[in-house]
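We count ligands from 1, going down the list as the structure has it; atoms in each ligand are counted the same way. If you're wondering where the values come from, they're calculated on a predicted model, not measured in any experiment. Nothing fancy with the numbering, it's 1 onward along the sequence.
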Amino acid sequence: MIKAVRGTRDILPPDSALFELVEERAREVFHLYNFQEIRTPIFEDTQLFSRSVGEETDIVGKEMFTWEDKARAQSEKAQSLTLRPENTAGVVRAYIEHKLGDKGQLQKLYYIGPQFRRERPQKGRYRQFYQIGAEVIGPPSAGSESPARDAEVIEMLAALLDRVGIKGSTLQLNSVGCANDRAKYNEALRAALKPVVGQMCVDCQRRAETNPLRVLDCKVPEDQPIIAKLPKISDYLDEPCREHFAEVKKILDAVGVKYEVNERMVRGLDYYTRTTFEFTHGGLGAQSALLGGGRYDGLSEALGGPKAPGIGFALGLDRFVIALQSETQSAQTPSVKAFIAPLGDGMNAAAAKLARELRAQGVALDLGDESFRLKKSFEAAERAGAQFVIIVGENEVKADAFAVKDIKSGEQRTVARAELVQALKANP
Ligand code: AMP
């Protein structure tokens with residue numbers, strides 16, 4: 001038997017209704033904040049990720065699904081392609097490619113879709129998972145660097161969590177500074193690591209040389225006491241970065257969004273600058289991050305584009321659903337208004353005609369089959385959550401009026417075709 005591949009899964013009803021619910025609420029919130037949708041390809045040139053997410057990150061170093069696409073002509077080189085492990089790089093590539101910054105306006109873009117990482121599968125961690133994310137990006141003249149944008153994005157997320165109905169999450173906030181601060185901090189980390197790195201895992205030994213910041217992502221338990229004693233980024237922020245962070249916090253205080261400052265949270269992607277944040281939730285177990293994001297002021301330039309500071313986030317849709325389930329919320333299973341029961345041989349066509357008319361007028365219906373006895377149609381109607389059964393037999397078709405039975409009360413009446421929609425809608 002062929003099964004779904006390790007780390008992938010089928011999302012079946014009724015769970016799929018929770019996915020749908022979160023997606024719908026997210027779209028509503030995005031529209032309230034003037035975001036518009038962008039859809040980028042599921043695979044991209046591998047370099048897009050190595051140049052943005054960073055060579056030394058777990059994502060690029062260990063987790064990407066990459067393959068060589070055969071050259072089409074002899075003169076062409078094979079191209080290395082990768083299933084997107086995240087979507088910010090794709091959005092920024094699209095921003096550069098389509099010159100979205102040329103009109104001088106801020107771009108507010110959101111996306112919903114699958115991402116792929118070769119991680120060890122466990123609860124809340126999959127190799128194909130779903131993210132909903134958004135980016136605010138534009139030329140500095142459009143205000144893209146303003147701490148007001150950071151605070152607005154974070155406040156929007158608090159609103160989204162409320163609207164979806166997830167309670168009990170915690171917001172962790174940090175600033176990882178700008179490129180200058182990072183260079184000084186990396187030097188300080190290098191120096192602090194020198195005497196102790198010999199006792200650390202091989203990944204940390206390499207990272208201490210190549211990209212010391214990434215040592216902070218290490219998950220090896222034995223390394224944690226060493227990591228806890230390393231210098232803190234907050235001591236290396238320059239004055240503008242300090243002020244920027246203070247202003248983000250001031251606005252969050254003013255709008256009443258609660259946060260904890262976590263100076264160890266550097267997030268596992270190289271492109272972040274200044275504000276970084278994560279919302280965590282107790283119902284998720286080991287994979288406690290519901291969503292994460294941050295500012296990426298140098299990303300566009302690193303990808304060969306114009307100066308275009310930005311801030312964004314991605315939330316794990318799979319984890320939102322787990323959090324909702326842990327709070328024992330279930331989405332209402334969608335149900336239909338009525339079930340059309342063709343009764344007797346040759347009635348399928350007339351039933352299909354009636355169903356088409358009613359659906360076109362916005363009535364959600366399910367449709368049976370002429371081979372069903374009435375009892376079987378009633379059972380199917382109940383399973384579909386229908387309020388009424390509409391019987392389409394030979395007499396009904398002749399009279400152009402149909403027997404409509406209310407499943408709960410058992411009451412039955414005859415309704416002319418022209419009055420059907422009104423009769424069904426009159427009963428909420
Ligand atoms: P990141 O792109 O790593 O910042 O992740 C953003 C969010 O995506 C995380 O907070 C998770 O909620 C979710 N996420 C990341 N990796 C996975 C995964 N392998 N499986 C499920 N959700 C994930």
Side-chain angles (χ1 to χ4, degrees), residues 4-11 15 18-19 22-23 26 40 42 44 48-49 52-54 56-65 82-92 110-135 153-154 157-158 160-161 164 166 169-174 176 213-214 216-219 262 265-273 275-296 299 310-326:
V5 173
R6 184 172 142 83
T8 72
R9 65 205 177 115
D10 303 306
I11 296 158
D15 290 351
L18 278 174
F19 278 75
V22 179
E23 286 173 14
T40 65
I42 284 186
E44 299 264 7
L48 175 65
F49 305 112
S52 56
V53 177
E56 276 299 337
T57 59
D58 278 350
I59 295 178
V60 172
K62 302 179 188 167
E63 297 169 358
M64 296 208 299
F65 289 95
T82 292
L83 288 179
R84 63 183 187 199
E86 61 96 59
N87 219 150
T88 299
V91 172
V92 176
Y110 78 87
Y111 58 83
I112 299 180
Q115 316 294 336
F116 306 85
R117 295 181 195 172
R118 191 184 277 106
E119 294 193 87
R120 196 168 50 78
Q122 63 183 87
K123 182 185 168 197
R125 188 159 76 189
Y126 312 99
R127 291 182 167 187
Q128 174 170 340
F129 58 99
Y130 296 84
Q131 283 186 337
I132 300 180
E135 316 293 345
V153 164
I154 294 171
L157 286 164
L160 174 58
L161 285 162
V164 170
I166 294 181
S169 67
T170 310
L171 164 60
Q172 305 203 21
L173 195 62
N174 194 19
V176 295
L213 188 74
R214 297 271 70 94
L216 301 187
D217 298 333
C218 174
K219 307 263 165 10
N262 175 357
M265 192 188 58
V266 294
R267 315 232 335 105
L269 298 89
D270 271 354
Y271 53 61
Y272 286 121
T273 52
T275 314
T276 55
F277 56 89
E278 239 172 55
F279 281 79
T280 54
H281 191 274
L284 291 175
Q287 303 303 315
S288 66
L290 264 180
L291 67 90
R295 182 165 272 290
Y296 43 80
L299 180 54
I311 177 156
F313 70 88
L315 68 82
L317 187 48
D318 312 76
R319 294 190 193 170
F320 261 57
V321 168
I322 296 171
L324 282 171
Q325 286 165 335
S326 80

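The CD atom of Q115 sits 9.5 Å away from the CD atom of Q128 when rounded to the nearest 0.5 Å.
Protein heavy atom in closest approach to atom 21 (C) of ligand 1: G124 O, 3.2 Å. For atom 14 (N) of ligand 1, the nearest non-hydrogen atom of the protein is F129 CE1, 3.6 Å. The nearest heavy-atom contact from the protein to atom 20 (N) of ligand 1 is Y126 N, 3.0 Å. Nearest non-hydrogen protein atom to atom 7 (C) of ligand 1 is A314 O, 3.6 Å. Closest to atom 11 (C) of ligand 1, if we only count protein heavy atoms, is R319 NH1, 3.4 Å. Of the protein's heavy atoms, Q131 NE2, 3.1 Å lies nearest to atom 8 (O) of ligand 1. Distance from atom 13 (C) of ligand 1 to its nearest protein heavy atom, with residue and atom name: G316 CA, 3.6 Å. Nearest protein heavy-atom neighbour of atom 3 (O) of ligand 1: R117 NH1, 2.9 Å.
Counting atoms of ligand 1 from 1 in the listed order, those under 4.0 Å from a heavy atom of E119 are 16 (N), 17 (C), 18 (C), 19 (N).
A donor-acceptor pair under 3.5 Å links the side-chain atoms of R117 to the main chain of P85, judged by distance alone. Of the possible polar contacts, one joining the R125 side chain to the R120 backbone as a donor-acceptor pair under 3.5 Å is found. The backbone N or O of M64 sits less than 3.5 Å from a side-chain atom of R118, completing a donor-acceptor pair. Judged by distance alone, the side chain of R127 and the main-chain N or O of V5 form no donor-acceptor pair under 3.5 Å. Listed for the R9 side chain is no donor-acceptor partner under 3.5 Å among the backbone atoms of A4.
Remark: ligand 1 and R267 share an N or O pair separated by less than 3.5 Å (distance only, no angle test). Considering backbone and side-chain atoms together, L290 places an N or O closer than 3.5 Å to an N or O of ligand 1. Note: no N/O pair closer than 3.5 Å links L269 and ligand 1 by distance alone.
Between Y296 and G312, the shortest heavy-atom distance links the atoms CE2-N, 3.6 Å. Closest approach of D15 and Q325 over heavy atoms only: OD1-NE2, 3.2 Å.
Of all the heavy atoms of R125, the ones lying under 4.0 Å from any atom of ligand 1 are found in both the backbone and the side chain. Counting heavy atoms under 4.0 Å from ligand 1, residue I59 does not touch it at all.
Listed by chain and number, the residues in a side-chain contact (heavy atoms from CB on, under 4.5 Å) with K62 are D58, D203 (sequence neighbours excluded).
Ligand 1 lies out of reach of E278, whose nearest heavy atom is not under 4.0 Å from it.
With hydrogens and angles left out, the side-chain atoms of N87 and E135 include no donor and acceptor closer than 3.5 Å.
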